[in-house]
There are 2 protein chains.
Amino acid sequence: MQTNPRIQGIVEKLKQAGCRITPQRLAILEVVTESRDHLTAEQIHALVAQRFPTTSLATVYKTVNLLRDEGELIELGFSGSAGTRYDGARPAPHPHLICVRCNRILDPEIRLFDELPGELTESYGYRILSHRIDIYGICPECQAAESRSQ
Amino acid sequence: MQTNPRIQGIVEKLKQAGCRITPQRLAILEVVTESRDHLTAEQIHALVAQRFPTTSLATVYKTVNLLRDEGELIELGFSGSAGTRYDGARPAPHPHLICVRCNRILDPEIRLFDELPGELTESYGYRILSHRIDIYGICPECQAAESRSQ
DNA sequence: GTTCGTGCAAATCCTTTGCAGCGAC
DNA sequence: GTCGCTGCAAAGGATTTGCACGAAC
């Protein structure tokens with residue numbers, strides 16, 4: 001029995017798209033929508049395994065891609081060691097604040113950006129669909145750790 | 001004989017860092033700093049091959065990573081089919097306007113962003129190093145192509 | 001009962017790496 | 001002459017795919 005309205009809505013949408021609601025999909029859905037972190041595929045797999053142990057990594061990938069295509073999850077690809085992260089808690093585009101030392105990702109509160117895309121439509125004729133804003137820096141904890149080790 | 005001052009400066013910096021200036025590196029340097037496009041590793045390789053035919057893809061990767069570490073080139077990782085792109089023409093962070101149909105990347109003129117990172121230092125204690133801003137949409141040409149094929 | 005989804009393993013793609021020989025300095 | 005750079009081929013990691021079985025509907 002699922003009481004989270006967001007999840008209920010996604011389940012409805014998936015059903016109407018002709019998708020079946022398997023226990024694996026439900027477990028992945030719960031993990032990605034309820035986590036405040038920005039998880040890797042491996043992390044999602046590990047968390048899902050606690051609730052539904054036999055789920056495979058391949059199924060995790062298939063499901064997050066499905067959710068991404070449905071607009072219910074954001075895929076954040078990074079170059080280098082940070083890899084790909086998934087954000088299912090807040091599917092609308094929003095800025096990310098990323099620590100380059102520990103790779104932690106924060107969601108800062110900035111409204112400014114949301115108005116901006118509109119400007120580009122007039123200037124360049126683009127039809128704006130979404131945007132991605134990443135701010136890279138060093139978090140307070142890592143700054144402290146660095147000054148300690150110097 | 002190299003007359004481009006930007007390239008001259010990078011060559012100097014590399015020499016002082018103990019790096020050797022090989023013909024391959026110089027050819028790659030010219031390609032990435034002079035192209036207004038946001039090239040893939042394959043594209044860089046193809047363009048360099050015109051000037052210095054025996055250059056390998058591995059050397060392209062090694063050199064762009066070197067330039068990235070020196071801060072002379074920006075690496076733009078995308079998830080999905082767009083892959084990784086390199087921008088050596090404008091090494092300072094700046095917004096990108098990306099067509100989701102043809103994957104073309106434009107550099108829109110927006111100053112607004114440059115002031116913003118400072119705000120985050122006070123609010124979250126992060127030491128801001130750089131940022132990345134991507135706006136996704138459909139370019140005028142692809143919009144026209146789509147309305148034609150409907 | 002019919003599909004569709006799953007899980008496994010293999011395949012694929014992109015990027016990095018180990019190493020022998022070459023070339024910049 | 002030394003040591004870093006190159007190019008090859010092989011390794012590596014992340015993600016996708018093909019297929020037979022099992023499960024949702």
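Below, chain A is the first sequence line, B the second, and so on; all start at residue 1. Computed from a predicted structure; not experimentally measured. The basis for the numbers below is simple: all heavy atoms, side chains too, and nothing from hydrogens, waters or symmetry mates.
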Length of the [atom1]-[atom2] vector between [X] and [N], whole Å:
X     : N      : atom1 : atom2 : answer
A:Y61 : C:dT6  : OH    : C1'   : 17 Å
A:Q16 : C:dC4  : CD    : P     : 17 Å
A:L66 : C:dG5  : CG    : C1'   : 11 Å
B:H45 : C:dT15 : NE2   : P     : 13 Å
A:Q24 : C:dT6  : CD    : C1'   : 6 Å
B:E42 : C:dC13 : CD    : P     : 11 Å
A:L57 : C:dG5  : CG    : P     : 19 Å

Is A:R132 positioned over the aromatic face of A:F78, cation under 6.0 angstrom from the ring centre and no more than 45 degrees off axis? yes
Hey, can you pull the donor-acceptor pairs under 3.5 Å for the side chains in residues 15-22 of chain A, sequence neighbours left out?
from, atom 1, to, atom 2, distance (Å)
A:T22, OG1, A:R25, N, 3.1

Donor-acceptor under 3.5 Å (A:S147 side chain, A:A144 main chain):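 Between the backbone of A:A144 and the side chain of A:S147 there is a qualifying donor-acceptor contact (under 3.5 Å).
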Sorted by first residue and then second, give each salt bridge (charged side-chain N to carboxylate O under 4.0 Å, His left out) pair with at least one member in residues 3-13 of chain A; sequence neighbours left out. A:R6-A:E72, A:K13-A:E72
What do the steps show when you test B:L26 against B:R51 for side chain to side chain contact (heavy atoms under 4.5 Å, CB included), and what is the final call? CA-CA 10 Å; B:L26 203 50; B:R51 310 190 192 186; over 6 Å; no
Pairwise ring-ring contact (aromatic ring centres under 6.0 Å, His included) hits with a residue in residues 21-49 of chain A, at least two apart: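 Matches after skipping sequence neighbours: A:H38-A:H96.
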Readout for nucleotides 17-25 of chain C: B = base within 4.0 Å of protein heavy atom, S = sugar-phosphate only, - = neither; 5' to 3' it is BB----BBS
Terminal contacting nucleotides, 5' and 3', DNA chain D versus chain A (heavy atom, 4.0 Å):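 Span of nucleotides near chain A: D:dA14 to D:dC25.
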With each end axis built from five pairs of C1' atoms, what bend angle do you get for the helix from C:dG1-D:dC25 to C:dC25-D:dG1? Round to 10°.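 Roughly 40° between the end axes, to the nearest 10°.
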